[in-house]
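Computed from a predicted structure; not experimentally measured. Below, all heavy atoms of this structure are taken into account, side chains as well, without hydrogens, waters or symmetry copies.
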Amino acid sequence: MREFSVPTLVDLPDSATLTDAPFTRARENPGQIMFRRKSGGTWSSVTAAEFRDEVVRVAKGLIAAGFGPGDRIALMSRTRYEWTLLDYAIWTVGGVTVPIYETSSAEQVEWIIGDSGAKATFAETAEHEATIASVQDKLPALTQVWGIEAGALDTLAEQGAEVTDETVDEHRGTRQAIDTATLVYTSGTTGRPKGCELTHGNLVSTARNAIQGALAEVTVVGSSTLLFLPLAHVFARLIQVACVEAGLILGHSDIRSLLPDLESYQPTFLLAVPRVFEKVYNGAEQKAAAAGKGKIFHAAADTAIAYSTSLDTGGPGLALKLKHKLFDILVYGKLRAAVGGQVSYAVAGGAALGERLGHFFRGVGIVILEGYGLTETTAPATVNRPDAIKIGTVGKPIPGVTVRIAEDGEILVRGINVFKGYWHNEAASKEALDEGWFHTGDIGSLDSEGYLKITGRKKEILVTAGGKNVAPAPLEDRIRANPLISQCLVVGDGKPFIACLITLDPEALEPWKKAHGKPEGMTIAELSKDPEIIAEIDSAVANANKSVSKAESVKKYHILDVDFTEGSGYLTPSLKIRRHVVVKDFSAEIEALYS
């Protein structure tokens, strides 16, 4: 058993809550810019005093409507300024925010609102309101649905005009660090989502310790980020809180308008899941190939990787420095410009990034700080520090956190970030929490310096008919690194050998078809049988097999003519594969691999 602990850097008083920072800052530094809000094609600043005043106006409306301490209020919306505003307004009245992904189905909405006992819901669009209305008769506790785009915030401000500031302060004063601030429902890769109770102390203490103790170089004065991941996910939520706690400038965007927003907003750091970085790399590679500059790009990529690798082994020599400088002009500068030109750091979590991509982006000039955590750990448990990065790992524990590797290889976490328990689910809470240790269900290892490496999921370990234990995640990550591959699911539990299902990336296929003289109307089903595509997939599988023993290697694969998407139900909103759903729906294809 190995264990590594980092002492708490920032202690939290028992009275601390999430509303302390915005109210204190508005009083002490009212003109400080806290947000940049998009209006039309321009970004306008929101000061600390302006944000506090907006929060108070909405909070007064909630109080006038009869909502207060302990009440659960759901919030179904994409990432936008109003999401953050409502979050802090709900906390100001002593309420508990219950996030719902904007893409959730009626059945998922019914479960989350019903299980949490939410008395009210904010819905971004008319479509979201309709989804909630379709199940409202099954939700007797739900008394109010407010439409964000229907002007609900202005309406609440009008209704709360007679509520005094003293009443707002009384509501704020009812909460302490130990009180639940939010119920974040897990994505549900297996079974019903469970509501994780995260306290005010969890969010504030984790944010402060992560910023000051792990990411101090990233979060300097004047730093800014553009949030585009769903705020319903704990990763984006913690960054929201961290920005408010540290006084960093926060903007909001989404995937659909991300590239133009990055160009105009010009953030200094980003956070994203590894799939976003894979897409950036693959897109740049395809663009270069289409312009007849594929060889230049590959040479630039190799140089970036070599340059980054050399930083860990004494530094680059003169020849490598000169090549790197040349490619910085030809390639790297354009990649940095695509994300606004000011980004030096990016924080990644949610899945494995892969050493090659980590070295590539560091060589380009964007250092990706890979971290690890779960909803139950208030997002981060570990993260790589800018001044102590070890690519290929997910870093050391953040201050206030201890990581232990159990006898069976499972990662256990204890500390300031560990959640209170699962809402109304004592059995699941007892199973996950043991004397303060949270059992993550992930398998990993700690090196002598405290760096954590993830090697798989405890419940997803495949055992072949020959008795060989195989972790599917490393194989899947290596195969998915090919630009033509969208998703990969490794199978083989109880089978004579390891195999996998592969889906092709529709976006990547279009430029590939042009470059290889394929008919424009060629379907994915037709492409899956094309000899050149098969050669590409063969190469990707062979490359992945280099990382494992012969008994663990993929022997056969099947290319599906559909992709795994959130809309099809095969991916969670945080882009994790719902393994049990895929295995069930494609059981015939899996069986055919072994027949």
Parallel, tilted or perpendicular: ring planes of [X] versus [Y], cut at 30 and 60 degrees:
X    : Y    : result
F360 : Y281 : perpendicular
F419 : F438 : perpendicular
F277 : F361 : perpendicular

Compare every heavy atom of [Y] with every heavy atom of [X], then report the nearest pair and how far apart it is.
X    : Y    : answer
C500 : V554 : SG-CG1, 3.9 Å
E217 : A214 : OE1-O, 4.5 Å
I479 : A544 : CG1-CB, 3.5 Å
I239 : T225 : CG2-CG2, 4.3 Å
I100 : A74  : CD1-CB, 3.9 Å
H200 : A16  : CB-O, 4.1 Å

With no hydrogens and no angle check, just 3.5 Å: does a side-chain donor-acceptor pair link [X] and [Y]?
X    : Y    : answer
Y451 : N384 : no
S310 : T313 : no
K495 : T464 : no
E431 : H439 : no

Atom pair [atom1] ([X]) and [atom2] ([Y]), whose distance is rounded to the nearest 0.5 Å:
X    : Y    : atom1 : atom2 : result
E3   : S5   : CD    : OG    : 7.0 Å
L412 : I405 : CG    : CD1   : 7.5 Å
E197 : T180 : CD    : OG1   : 4.0 Å
L238 : H233 : CG    : NE2   : 11.0 Å
S528 : I533 : OG    : CD1   : 9.0 Å
L231 : T79  : CG    : OG1   : 4.0 Å

[Y] backbone acceptor or donor facing [X] side chain under 3.5 Å:
X    : Y    : answer
S568 : T565 : yes
S539 : A535 : no
N209 : S205 : yes
R336 : V364 : yes
T503 : Q487 : yes

Item to check | Chi angles and distances behind the side chain to side chain contact (heavy atoms under 4.5 Å, CB included) call for V347, F235 | outcome: CA-CA 10 Å; V347 183; F235 186 22; 4.2 Å; yes

Item to check | Cationic N near anionic O, under 4.0 Å, D115 to K194 | outcome: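 Salt bridge absent between D115 and K194.
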
Item to check | Salt bridge present between E102 and R78 (N-O < 4.0 angstrom) | outcome: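 Looking at R78 together with E102, the answer is no, because their closest N to O distance does not fall below 4.0 Å.
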
Checklist entry - Less than 6.0 Å separating the ring centroids of F564 and Y570? => result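 Yes, the ring centres sit under 6.0 Å apart.
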
Checklist entry - Strictly under 6.0 Å, is that where the ring centroids of Y332 and H324 end up? => result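 Yes; H324 has its ring centre under 6.0 Å from that of Y332.
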
Checklist entry - Can a cation-pi geometry be assigned to K555 and F497, taking NZ or CZ under 6.0 Å from the six-membered ring centre and within 45° of the ring axis? => result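 Ring-cation test returns no.
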
[X] vs [Y] side-chain heavy atoms within contact, under 4.5 Å:
X    : Y    : answer
V10  : I211 : no
L369 : P386 : yes
V204 : L12  : yes
L475 : N545 : yes
T440 : V413 : yes

Count the heavy atoms belonging to other residues, nucleotides or ligands that lie under 6.0 Å from [atom1] of [X], then report whether that count exceeds 12.
X    : atom1 : result
D387 : CG    : yes
K430 : NZ    : no
I255 : CD1   : yes
E449 : CD    : yes
E410 : CD    : yes

Checklist entry - Yes or no on side chain to side chain contact (heavy atoms under 4.5 Å, CB included) for I113 and R72, after CA distance, side-chain angles and deciding distance? => result CA-CA 9 Å; I113 294 177; R72 275 81 63 202; over 6 Å; no

Checklist entry - Which pairs count as salt bridge (Lys or Arg N to Asp or Glu O under 4.0 Å) when at least one residue sits in residues 433-443, sequence neighbours excluded? => result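 Every pair satisfying salt bridge (Lys or Arg N to Asp or Glu O under 4.0 Å) with a residue in residues 433-443: D442-R457.
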
Checklist entry - Knowing that exactly one of I416, V418, V6, T377 qualifies, which makes a side chain to side chain contact (heavy atoms under 4.5 Å, CB included) with V401? => result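 Output: one option passes, namely I416.
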
Checklist entry - Out of D87, T84, T375, which one pairs with R237 under the side chain to side chain donor-acceptor pair (under 3.5 Å) rule? => result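 For R237, the side chain to side chain donor-acceptor pair (under 3.5 Å) check succeeds only for D87.
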
Item to check | Candidates K396, K390, R2, K453 - the one meeting side chain to side chain donor-acceptor pair (under 3.5 Å) with D447 | outcome: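 Of the listed options, the one satisfying the test is K390.
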
Next on the checklist: Quick one, T382 with I398, criterion side chain to side chain contact (heavy atoms under 4.5 Å, CB included). Give me CA distance, side-chain angles, the key distance, then yes/no.
Outcome noted: CA-CA 5 Å; T382 67; I398 66 169; 5.9 Å; no

Next on the checklist: Going by side-chain hydrogen bond (donor to acceptor under 3.5 Å, both in side chains), name the pairs with one or both residues in residues 354-370, residues two or more places apart or in two chains.
Outcome noted: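 Those involving residues 354-370 are S308-H359, S308-R362, D312-R362.
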
